[in-house]
Peer 1: 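Here it is: the structure, laid out below.
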Amino acid sequence: NRATWAPKSRRTFDEVAGHLSLGREGGHGRNRIVHARGDSTGLEVETVLVATDGSEVAAGAERYGVSLAAGLSARVAGLAVVEDRAVGGLRAAGLPVTPPPLEALEAFLVARAEAAGRRLEALAREKGVATSCETTRGMADDILVDRAKSVDLVVLGRDGEHASFRTALPGSTVDGFLRKTSKPAIV
């Protein structure tokens with residue numbers, strides 16, 4: 001994992017031995033400032049948004065985000081999105097094929113997203129990190145962009161639930177999010 005600013009600036013956070021270099025500024029009692037280019041740029045991290053879809057890749061992002069928040073004395077805002085397109089495509093008209101009842105699939109997707117949020121909350125609780133998790137519906141990248149406006153840093157997995165189809169490119173949610181925001185993100 002590499003800590004990078006979102007693509008509009010393409011800067012990287014300073015690192016020491018593979019970990020974010022943290023500094024203390026102002027009246028802070030702990031090292032909570034993530035630097036880019038030495039002391040010239042700082043970012044106080046009070047809230048880390050951790051996006052999860054419940055996948056193995058997301059679990060890694062959850063662990064990283066919670067550990068980072070614990071080290072910064074920051075809180076975690078968890079987000080799990082039930083993608084509208086997961087079921088919406090099955091309802092597409094145009095062919096003389098009747099889709100199966102989709103209520104069970106929708107209920108499964110909601111239950112999975114809620115379980116991912118509970119897993120993140122439990123992990124944060126173990127590390128003593130304040131957390132709140134939200135499960136919502138929509139287009140994941142658009143919702144991430146919106147929720148990122150109220151946090152300091154975003155942590156998300158590179159591929160999510162489709163990691164088994166990995167290519168050299170990041171997943172569509174990560175790609176869409178990074179293209180639409182200048183919020184600092186760790187992928």
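Values reported hereafter were calculated over all heavy atoms of this structure, with side chains retained and with hydrogens, waters and symmetry mates removed. This chain uses plain numbering: 1 for the first residue, then up along the sequence.
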Peer 1: side-chain hydrogen bond (donor to acceptor under 3.5 Å, both in side chains): which pairs involve residues 117-128, sequence neighbours left out?
Peer 2: E62-R119
Peer 1: Provide the closest heavy-atom pair for L153 versus A185 in the form atom of the first, atom of the second, distance.
Peer 2: CD1-N, 4.1 Å
Peer 1: What distance separates S67 OG from L123 CG, expressed to the nearest 0.5 Å?
Peer 2: 7.0 Å
Peer 1: Please answer: with hydrophobic residues joined when any side-chain heavy atoms are less than 4.5 Å apart, are F177 and M139 in the same cluster?
Peer 2: no
Peer 1: Under the criterion side chain to side chain contact (heavy atoms under 4.5 Å, CB included), I'd like the reasoning laid out for L68 against V66: C-alpha separation, chi angles, the key distance, then a yes or no.
Peer 2: CA-CA 5 Å; L68 180 62; V66 168; over 6 Å; no
Peer 1: Does V110 form a side chain to side chain contact (heavy atoms under 4.5 Å, CB included) with R112? I'd like the steps, not just the answer.
Peer 2: CA-CA 5 Å; V110 169; R112 186 177 71 176; over 6 Å; no
Peer 1: Apply side-chain hydrogen bond (donor to acceptor under 3.5 Å, both in side chains) to E106 and list each qualifying residue two or more places apart in sequence or on a separate chain.
Peer 2: R91
Peer 1: Taking the side chain as everything from C-beta on, heavy atoms only, tell me whether I186 gets closer than 4.5 Å to V154.
Peer 2: no
Peer 1: Using atom types as modelled, flag every donor-acceptor pair under 3.5 Å from a side chain in residues 94-104 to any protein atom, sequence neighbours excluded.
Peer 2:
none

Peer 1: Shortest non-hydrogen contact from L156 to A51?
Peer 2: CB-CB, 4.0 Å
Peer 1: Do T131 side-chain atoms and V76 backbone N/O form a donor-acceptor pair below 3.5 Å?
Peer 2: yes
Peer 1: For side chain to side chain contact (heavy atoms under 4.5 Å, CB included), just list the numbers for K183 and V145, CA-CA rounded to whole Å, side-chain angles, deciding distance to a tenth of an Å, and then say yes or no.
Peer 2: CA-CA 8 Å; K183 185 61 70 171; V145 168; over 6 Å; no
Peer 1: Nearest heavy-atom pair of T52 and A58: which atoms, and what distance?
Peer 2: OG1-CB, 3.5 Å
Peer 1: How close do G78 and L120 get, counting heavy atoms only, and between which atoms?
Peer 2: CA-CD2, 3.5 Å
Peer 1: Under the rule for side chain to side chain contact (heavy atoms under 4.5 Å, CB included), what residues qualify as partners of T136, not counting sequence neighbours?
Peer 2: L79, V81, E134, I143, R147
Peer 1: Considering residues at least two apart in sequence or located in another chain, which fulfil the side chain to side chain contact (heavy atoms under 4.5 Å, CB included) criterion with A113?
Peer 2: A80, V82, T135
Peer 1: Would you please name every residue forming a side-chain hydrogen bond (donor to acceptor under 3.5 Å, both in side chains) with D142, sequence neighbours left out?
Peer 2: K180
Peer 1: Apply side chain to side chain contact (heavy atoms under 4.5 Å, CB included) to the pair L178 and V187, showing each step before the final yes or no.
Peer 2: CA-CA 10 Å; L178 293 176; V187 176; 4.2 Å; yes
Peer 1: Nearest heavy-atom pair of G157 and A61: which atoms, and what distance?
Peer 2: N-CB, 3.5 Å
Peer 1: Please report the closest heavy-atom contact between A74 and V129, naming both atoms and the distance.
Peer 2: O-CG1, 3.5 Å
Peer 1: Under the side chain to side chain contact (heavy atoms under 4.5 Å, CB included) test, which residues partner R75, sequence neighbours left out?
Peer 2: T47, A77, A130, S132
